[in-house]
Amino acid sequence: MTLKKEIAKRKTFGIISHPDAGKTTLTEKLLLFGGAIQEAGAVKSNKIKKGATSDFMEIERQRGISVATSVLAFEYEGFKINILDTPGHKDFAEDTFRTLTAVDSVIVVIDVAKGVEEQTEKLVEVCRMRNIPIIVFINKLDREGKDAFELLDEIEQKLGLKVTPLSYPIGMGYDFKGIYNIWEKNINLFSGDSRKNIEETIEFEDLNNPELEKLIGSKASETLREELEIVTEVYPDFEREAYLEGSLQPVFFGSALNNFGVRELLDCFIEIAPSPRPKESDTRLVKPEETNFSGFVFKIHANMDPKHRDRLAFVKIVSGTFERNTAYLHVRNGKKMKFSSPNAFFAEKKQIVDISYAGDIVGLHDTGNFKIGDTLTEGEEMRYKGIPSFSPEHFKYINNADPMKSKQLEKGIDQLMDEGVAQLFTLELNGRKVIGTVGALQFEVIQYRLEHEYGAKCYYENLNVHKACWVDPEDPKSEAFADFKRVKAKFLAKDKRGQLVFFADSAFTLQMTQSKYPTIKFHFVSEFERSKKAKTSH
Ligand code: G4P
């Protein structure tokens with residue numbers, strides 16, 4: 001098969017949701033359709049169970065599971081589908097944000113009763129920033145929930161999307177009768193039997209056909225006809241181009257647990273979802289079908305065995321083919337590297353592969369060479385953009401608790417930061433180290449892992465920071481910038497890349513600082529277009 005055809009058959013996507021909306025259940029049902037697993041219950045949920053014995057023990061348990069579920073690949077109707085796992089727990093949101101840099105599209109799962117929840121809002125915002133094509137799946141229709149129109153409105157309002165339903169529910173909860181598939185023009189009747197994998201599909205071109213009454217009764221028929229008329233009037237026709245550029249989002253309804261509406265979702269997904277897309281690097285736009293290999297590291301996973309400190313770096317292949325035992329350039333450190341046992345992922349297994357194509361993910365064994373965001377190429381000096389760090393929400397000083405082990409501590413912190421567990425800042429004034437995390441849980445994780453994997457001990461001290469902002473002066477040589485650095489000296493730090501960061505201790509301070517120094521920009525994300533003057537003088 002030609003390179004072009006191999007690439008066109010790949011669909012790499014992520015499923016995102018607020019915890020409990022049904023992401024794990026949906027993933028499992030998709031794998032069942034792909035024949036990648038034989039029975040329900042095979043995919044372990046990697047979420048943090050409520051009331052878990054101890055948070056970090058739970059995290060340790062999950063680190064095991066989440067290597068296995070990082071990429072779930074299967075074949076369906078001639079397509080190679082790669083599902084990238086995204087942790088639902090909000091403390092791991094940054095992990096999810098980074099994974100979203102490696103997907104070509106997403107499916108958002110929403111609970112019909114709960115509607116749009118907090119975590120969904122954050123994740124969809126990141127997708128919108130990157131114009132990632134989104135399909136919405138409204139789940140749990142077997143339960144009482146919000147009215148379909150109310151939900152569609154809520155999705156538009158809270159998520160800032162423009163939706164168009166491609167399927168429509170007939171009743172819900174106790175009265176749930178099935179789904180009218182607007183995309184394929186047929187009806188699936190709900191039997192509530194989750195063991196039945198393939199639902200009975202009844203072609204139904206014309207809803208005025210009196211057969212409808214026989215199928216679902218006269219009251220439901222009347223409601224369905226009325227509501228579908230409203231759908232046609234209110235929502236735009238589906239256009240694939242609009243979906244692909246991120247300006248229109250199709251919506252499906254179903255019940256993942258009952259395996260209902262999932263096949264429709266998958267069949268439409270393979271038809272409309274994008275195959276690997278071109279990606280911007282710092283020098284040019286790279287197309288997937290270029291013959292030269294290139295890719296970037298979007299996730300690093302430490303192995304479970306503390307005696308072997310090797311890690312698995314997950315590389316998304318952006319262009320060409322990745323081959324085993326071939327020398328590739330690690331652009332950041334200028335070294336050529338060969339990989340004798342690259343892992344590919346299939347359902348829940350990983351296996352060594354000789355060749356992988358653009359769109360695929362390979363897992364490379366790493367002894368500490370990689371950082372998140374690193375680029376690999378066949379020799380071209382370019383770097384992929386778009387793996388920013390976000391402003392952390394929690395900050396603490398990290399101190400050495402065992403002076404004999406300071407080297408181990410330093411190395412441990414260094415490597416955990418490369419993995420993206422948290423961010424490290426060094427205060428300009430006194431060189432003290434500050435750890436910033438998205439969730440409070442990570443502090444426990446870091447302490448535990450430093451001790452168990454690196455034999456180092458640390459303790460934390462509180463530090464009052466509201467937000468860390470990346471500082472971007474219009475003119476780094478200006479009086480104003482010099483004044484800012486002098487006045488705020490106590491609150492300035494460098495991140496790991498040496499970029500200047502301002503620790504604002506409250507929203508008020510941040511606001512005051514912004515208005516006092518209008519020529520300095522404060523960013524909440526580490527990657528931004530620098531002001532022109534600053535660029536030339538850097
Ligand atoms: P998540 O990965 O998004 O966090 O959600 P997950 O799939 O684990 O689903 C959360 C809960 O919702 C699970 O119940 C699951 O069985 C249930 N669920 C998923 N899809 C549907 C659906 O279509 N209808 C109904 N009624 N429930 C659904 P749980 O009791 O929390 O867990 P479990 O003990 O069943 O695993």
Side-chain angles (χ1 to χ4, degrees), residues 13-33 37 39-52 55 58-59 61-62 65-66 68-72 83-93 95-96 99-100 106-124 127 134-146 148 151 167 169-179 188-197 199 251-266 348 439 441:
F13 77 106
I15 304 180
I16 55 178
S17 73
H18 191 87
D20 273 348
K23 182 169 73 75
T24 312
T25 314
L26 179 64
T27 307
E28 185 171 278
K29 297 298 147 100
L30 293 175
L31 291 175
L32 276 171
F33 277 115
I37 53 170
E39 55 183 316
V43 178
K44 311 266 182 319
S45 167
N46 71 351
K47 67 185 165 185
I48 293 180
K49 292 264 181 228
K50 290 166 218 103
D55 276 336
E58 182 64 15
I59 290 163
R61 185 185 69 77
Q62 281 163 30
I65 296 169
S66 67
T69 58
S70 283
V71 186
L72 295 159
I83 307 181
L84 304 198
D85 188 44
T86 54
H89 195 283
K90 73 174 179 5
D91 283 9
F92 294 92
D95 230 25
T96 301
T99 300
L100 290 177
V106 300
I107 293 180
V108 180
V109 184
I110 290 174
D111 182 323
V112 68
K114 295 195 180 134
V116 173
E117 295 172 88
E118 188 196 340
Q119 199 58 12
T120 326
E121 282 186 55
K122 283 196 188 155
L123 294 171
V124 168
C127 295
I134 300 172
I135 296 179
V136 179
F137 181 72
I138 298 179
N139 190 28
K140 307 195 186 181
L141 263 288
D142 58 314
R143 285 196 186 159
E144 292 300 324
K146 298 188 181 181
L151 263 175
S167 80
I170 308 169
M172 81 166 62
Y174 183 71
D175 287 328
F176 185 48
K177 293 199 163 51
I179 277 170
N188 279 312
L189 291 181
F190 180 63
S191 70
D193 180 358
S194 61
R195 279 160 302 172
K196 206 172 67 170
N197 281 346
E199 310 122 18
V251 180
F252 285 85
F253 292 83
S255 166
L257 186 65
N258 292 289
N259 208 2
F260 195 79
V262 179
R263 187 192 57 77
E264 288 74 9
L265 174 72
L266 183 57
E348 291 160 280
L441 266 182

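None of the values given here were measured: they were computed from a predicted structure. Just follow the structure's listing: the first ligand is 1, and inside any ligand the first atom is 1. We're numbering straight along the sequence, starting at 1.
Close approach of ligand 1 to Pro19 (heavy-atom distance below 4.0 Å) involves ligand atoms 4 (O). Those atoms of ligand 1 that come under 4.0 Å of a heavy atom in Ser17, given as number and element, are 3 (O). Of all atoms in ligand 1, numbered sequentially from 1 with element shown, those under 4.0 Å from a heavy atom of Ala256 are 23 (O). Interface atoms of ligand 1 facing Ser255, defined by a heavy-atom separation under 4.0 Å, are 22 (C), 23 (O), 24 (N).
Minimum heavy-atom separation, Lys114 to Lys146: O-NZ, 3.8 Å. Across Phe190 and Asn258, no two heavy atoms sit closer than the pair CE1-CB, 3.7 Å.
Taking only nitrogen or oxygen atoms, main chain and side chain alike, Gly22 reaches within less than 3.5 Å of ligand 1.
Within the set Glu28, Gln119, Lys140, the minimum heavy-atom distance to atom 17 (C) of ligand 1 is found for Lys140.
With a 4.0 Å cut-off on non-hydrogen atoms, Asp142 touches ligand 1 through its side chain and not its backbone. Under 4.0 Å from ligand 1, not a single heavy atom of Leu141 appears. Heavy atoms from both the backbone and the side chain of Lys23 come within less than 4.0 Å of ligand 1.
Proximity of a side-chain donor or acceptor of Asn139 to a complementary backbone N or O of Ala256 within less than 3.5 Å is detected.
Counting only heavy atoms from C-beta outward, the side chains of Ile15 and Leu30 approach each other to under 4.5 Å. The shortest distance between side-chain heavy atoms of Lys140 and Leu257 does not fall below 4.5 Å. Here the side chains of Thr99 and Asp85 are not in contact, with every heavy-atom distance at 4.5 Å or above. When side chains are defined from C-beta on, Leu26 does not count as touching Ser17, because their heavy atoms never get closer than 4.5 Å.
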